[in-house]
Amino acid sequence: MTVFMWRILSVVAAVLFVFSVVTLFAARFLKNVYTHKYTEDKELRTVKATNSKNTVYLTSGETYKYIKKYVVCKSGTDKYLICNFARKFKRVGYYVVQYTAFKRVCSVIRVTETDTTLSSRVIALSKRCAHVNVVISYVNSAQINSQVIRPLPRWKIRLYAFFKSLAVFAGIFLLRHAALEFFGGIYMKAFMNSFWNYAIVGAGFLFALLGYLITVLCFRRKNAKESMGGALEYEFI
């Protein structure tokens with residue numbers, strides 16, 4: 001294959017790379033769908049300290065049976081949440097649904113705790129978080145809510161994996177060609193017709209294919225994270 005043909009292919013690869021990246025950002029294949037609607041929890045009190053402001057809220061709905069209250073602590077640009085359990089639990093799971101100032105979901109944290117005290121772990125909140133809802137998931141062996149985050153359809157995951165792998169392959173192809181253009185010199189034409197050039201292209205394709213399979217097989221839902229942290233005792237009155 002001539003150098004001119006390789007350059008045409010590199011232009012095609014550049015177009016595919018840009019198209020794939022723009023599609024990944026614009027289509028938002030991994031955007032979760034949330035079934036929980038925002039509920040305005042009752043504010044009990046706010047305590048202002050020198051460097052922080054702590055606001056205590058009552059939970060709502062069926063969550064109130066298991067998590068009575070929660071406090072949102074604001075210190076500078078950092079925000080934290082601590083829950084007050086109705087009693088001690090062997091196992092408890094709950095969702096912390098975070099909303100922007102316009103009450104749109106910006107993140108959901110899935111929290112799992114075992115052998116609890118009456119206070120939960122410290123849960124770091126997003127800087128964009130302006131409102132919070134706590135939704136109980138399960139208590140001990142009883143499942144209560146499981147559909148706060150609706151699973152992504154398979155077709156969305158596969159499309160995401162496809163465009164991601166296409167961007168990876170096109171990017172590797174471009175990097176290979178750019179390296180040859182800059183450093184190949186008088187040997188560029190000979191190298192482009194050599195086994196090693198085709199081997200690099202083939203390896204890039206296999207790497208992209210492996211990435212596709214890993215993404216499809218090992219995909220985990222976005223915006224559902226288990227929060228780990230130290231325990232903080234807080235007095236809920």
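Numbering starts at 1 and runs along the sequence shown.
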For Y212 and R158, work out which heavy atoms get closest and say how close.
-> CE1-O, 3.6 Å
So which heavy atom on Q143 is nearest to which on S137, and how close?
-> NE2-O, 3.3 Å
Return the minimal non-hydrogen interatomic distance between V97 and V135, and the atom names on each side.
-> CG2-CG2, 4.2 Å
Between V132 and V96, is any pair of side-chain heavy atoms under 4.5 Å apart?
-> yes
Only residue of V21, V22, L16, V15 satisfying side-chain contact (heavy atoms from CB on, under 4.5 Å) with V18 is V22
List the atom of K74, the atom of N54, and the distance in Å for their closest heavy-atom pair.
-> N-OD1, 4.2 Å
Hey, what do you get for OG (S120) to CG (N84), rounding to the nearest 0.5 Å?
-> 9.0 Å
Verify the cluster assignment for L180 and F182: are they in a single hydrophobic cluster under the rule of side-chain heavy atoms below 4.5 Å apart?
-> no
Heavy atoms, side chains only, cut-off 4.5 Å: are R128 and Y99 in contact?
-> no
Derivation of the side-chain contact (heavy atoms from CB on, under 4.5 Å) call for Y160 and T215 = CA-CA 9 Å; Y160 169 80; T215 302; 3.9 Å; yes
Output for pair (R91 CZ, N140 CG), nearest 0.5 Å, gives 8.0 Å
Answer yes when D78 and K127 have at least one side-chain N-carboxylate O distance shorter than 4.0 Å, and no when they do not.
-> yes
For N197 and M192, work out which heavy atoms get closest and say how close.
-> ND2-O, 2.9 Å
Min side-chain heavy-atom separation S20-F162 under 4.5 Å = no
Parallel, tilted or perpendicular: rings of Y57 and Y70 (30°, 60°) = parallel
Should I157 and L166 be regarded as members of a common hydrophobic cluster, given that ILVMFWY residues are connected when their side-chain heavy atoms come within less than 4.5 Å of each other, either directly or indirectly?
-> yes
Is T55 reaching over with its side chain to a backbone N or O of T46, donor-acceptor style, under 3.5 angstrom?
-> no
Enter the distance from F17:CZ to L175:CG here, rounded to the nearest 0.5 Å.
-> 8.0 Å
Do V105 and Y38 sit in the same hydrophobic cluster, where Ile, Leu, Val, Met, Phe, Trp and Tyr count as joined when their side-chain heavy atoms come under 4.5 Å apart?
-> yes
Can you tell me how far the NE2 atom of H177 sits from the CD1 atom of I200, to the nearest 0.5 Å?
-> 13.0 Å
Scanning both residues in full, the closest heavy-atom pair of G93 with I136 reads O-CD1, 3.6 Å
Taking everything shown except F205 itself, do over 12 heavy atoms lie less than 6.0 Å from its CZ?
-> no
Would you say L81 and C83 make side-chain contact, with heavy atoms under 4.5 Å?
-> yes
Linked, directly or transitively: F183 and L174 (ILVMFWY side chains, under 4.5 Å) | no
Verdict with reasoning, F85 to S119, per side-chain contact (heavy atoms from CB on, under 4.5 Å) = CA-CA 6 Å; F85 298 128; S119 292; over 6 Å; no
Under 6.0 Å from the NZ atom of K79, do we count more than 12 heavy atoms belonging to anything else shown?
-> yes
Derivation and outcome, side-chain contact (heavy atoms from CB on, under 4.5 Å), residues V92 and T116 | CA-CA 8 Å; V92 63; T116 70; 3.8 Å; yes
May I have all residue pairs that pass salt bridge (charged side-chain N to carboxylate O under 4.0 Å, His left out) and include part of residues 171-185, sequence neighbours excluded?
-> R7-E181
Is there a chain of hydrophobic side chains (I, L, V, M, F, W, Y, each step under 4.5 Å between heavy atoms) that links V216 to F163?
-> yes
Compare all side-chain heavy atoms of I123 with those of I82 and state whether any distance is below 4.5 angstrom.
-> no
In this structure, are over 12 heavy atoms from other groups packed under 6.0 Å from F207 atom CZ?
-> no
Flag side-chain contact, heavy atom, 4.5 Å: L118 against K88 = yes
Answer yes or no on whether K68 is positioned over the face of Y64, meaning its NZ or CZ is under 6.0 Å from the six-membered ring centre and within 45° of the axis.
-> yes
Does E43 reach the side chain of V56, with side-chain heavy atoms less than 4.5 Å apart?
-> no
Close side-chain approach of V72 to Y80, heavy-atom, < 4.5 Å | no
In Å and rounded to the nearest 0.5 Å, what is the CD to NZ distance from E113 to K90?
-> 14.5 Å
Would you sort out whether S107 and S126 count as a side chain to side chain donor-acceptor pair (under 3.5 Å), showing the intermediate values?
-> CA-CA 7 Å; S107 180; S126 167; over 6 Å; no
Do the ring planes of F173 and F169 sit parallel (below 30°), tilted (30 to 60°) or perpendicular (above 60°)?
-> tilted
So OG1 of T59 and NZ of K69: to nearest 0.5 Å the spacing works out to 10.0 Å
Working for side-chain contact (heavy atoms from CB on, under 4.5 Å), residues I144 and V139 = CA-CA 8 Å; I144 302 166; V139 173; 4.0 Å; yes
Could you verify whether a donor N or O on one side chain and an acceptor N or O on the other, from N51 and S75, lie under 3.5 Å apart?
-> no
